[in-house]
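Heads up, the thing below is written out as structure tokens.
Below, read A as the first sequence line, B as the second, and so on, with proteins coming before strands; counting in each chain starts at 1. Just so we're clear, the structure is a prediction, and the values are computed from it rather than from any experiment.
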Number of protein chains: 2
Amino acid sequence: MAKKLAESCGLGPAFSVIGGKWKALILWLIRTEPRRFGELKRLVPDISEKMLIQQLREMEAHGLVHRKVFHEVPPRVEYSATPLGVSLDDALVPLAEWGKQHAERIGAQQAAE
Amino acid sequence: MAKKLAESCGLGPAFSVIGGKWKALILWLIRTEPRRFGELKRLVPDISEKMLIQQLREMEAHGLVHRKVFHEVPPRVEYSATPLGVSLDDALVPLAEWGKQHAERIGAQQAAE
DNA sequence: TAAGGTACCTACCTGGACGTAAGTATTGAG
DNA sequence: CTCAATACTTACGTCCAGGTAGGTACCTTA
């Protein structure tokens, strides 16, 4: 797996935790304020419920996300970023900046979609 | 595609360019000095030739990598990072740092492999 | 009785990322 | 005439992230 190499630059672990289609976006959304499941579903309209819950669970297992259950009726669950999650989101900021700055150049080649 | 959202945080374009299993590693390897095809193949022993050339071509198309052909015999090709490539690699540094710092915590949950 | 809103869970399927293995063109060395 | 070494190219197969669609349990309102 070229593990030694991948880990030597630290990106292996990072990508294993934030990789995939949705996690970065979810982390970004709960970074500032706790969000309910249904709220996230509405904020990311193209995600399926299965994916949303799956990503949240994985992020919870990785210690990026805190899950708080309110024993009410109807049920209510809030997801928020842990300090670790916030630190990861911070580490993503430069990449996001880069993406914004060069979005056009890149978008040009992917004009479709 | 939740494009507006994904782009609003800039990570969409960035991931579309550096995502996947190999690109970040390749970029990291050619960042400091030009590398030959066979050299990269040796440095990333688990990559197949097909994947290597495919990733290099995509990165070239995205303007991250420069390809220089020496018309010699035997043939010789050198790949190097463009300024854009270097800037992207810079943007990845904080993420790599984060990965290094938390590699253990993460690795613990993926003990296998 | 039934309809609607939470927050999930489960089985099944598809597309594309990725891997494997073989072939190409060139030329010098033996 | 064959072999080695370069940098690819091509056909084919596999596997899993992600998508689809339906179901669960609970309570409220009408």
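- When the side chain to side chain donor-acceptor pair (under 3.5 Å) test is applied to A/Gln101, no partner is found at least two apart in sequence or on another chain.
- Here the range on DNA chain C touched by chain A, meaning any atom under 4.0 Å from one of its heavy atoms, is C/dT6 to C/dA11.
- Atom CG of B/Leu56 is separated from atom C1' of D/dT9 by 15 Å (rounded to the nearest Å).
- D/dA5 atom P lies 13 Å from atom CZ of B/Arg36, rounded to whole Å.
- Look at CD on A/Glu49: it is 14 Å from P on D/dG23, rounded to the nearest Å.
- Under the side-chain hydrogen bond (donor to acceptor under 3.5 Å, both in side chains) criterion, the residue pairs touching residues 63-75 of chain A are A/Arg67-A/Tyr79, with sequence neighbours excluded.
- Phosphate contact (OP1/OP2 of D/dT9, side-chain N/O of B/Arg57, threshold under 4.0 Å): present.
- Residues passing the side chain to side chain contact (heavy atoms under 4.5 Å, CB included) test with A/Val93, sequence neighbours excluded: A/Glu97.
- Near-neighbour residues of DNA chain D inside residues 68-82 of chain B, defined by a heavy atom below 4.0 Å, number-ordered: B/Pro74, B/Pro75, B/Val77, B/Tyr79.
- The hydrophobic cluster containing A/Leu52 also contains A/Val44, counting ILVMFWY residues as joined when their side-chain heavy atoms lie under 4.5 angstrom apart, directly or transitively.
- Not counting sequence neighbours, B/Gln54 has no partner by the side chain to side chain donor-acceptor pair (under 3.5 Å) test.
- Cluster membership for A/Met51 and A/Leu29, using ILVMFWY side-chain heavy atoms within less than 4.5 angstrom, is shared.
- Within the 4.5 Å cutoff, the side chain of A/Thr82 has no heavy atoms near those of the A/His62 side chain.
- Partners of B/Arg57 by side chain to side chain donor-acceptor pair (under 3.5 Å), not counting sequence neighbours: none found.
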Give each protein N/O atom lying under 3.5 Å from an N/O atom of nucleotides 16-19 of chain D, with the pair distance.
residue : atom : partner : partner atom : Å
D/dG18  : OP1  : A/Lys21 : N            : 2.8
D/dG18  : N7   : A/Lys50 : NZ           : 3.4
D/dG19  : OP1  : A/Lys21 : NZ           : 2.8
D/dG19  : OP2  : A/Trp22 : NE1          : 3.3
D/dG19  : N7   : A/Lys50 : NZ           : 3.0
D/dG19  : O6   : A/Lys50 : NZ           : 2.1

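- Checked against side chain to side chain contact (heavy atoms under 4.5 Å, CB included), B/Ala91 has the following partners two or more places apart in sequence or in another chain: A/Pro94, A/Leu95, A/Trp98.
- A side chain to side chain contact (heavy atoms under 4.5 Å, CB included) with A/Gln55 holds for exactly one of A/Lys23, A/Glu60, A/Lys21; it is A/Lys23.
- Counting only residues at least two apart or in different chains, salt bridge (charged side-chain N to carboxylate O under 4.0 Å, His left out) contacts with residues 47-56 of chain B comprise B/Lys41-B/Glu49.
- Every residue was checked against the salt bridge (charged side-chain N to carboxylate O under 4.0 Å, His left out) condition with A/Arg36, not counting sequence neighbours, and none meets it.
- Contact of the B/Phe37 side chain with the B/Leu56 side chain is registered, since non-hydrogen atoms from C-beta on lie closer than 4.5 Å.
- If one axis is set at each end of the helix from C/dT1-D/dA30 to C/dG30-D/dC1 from five pairs, those axes are 30° apart, to 10°.
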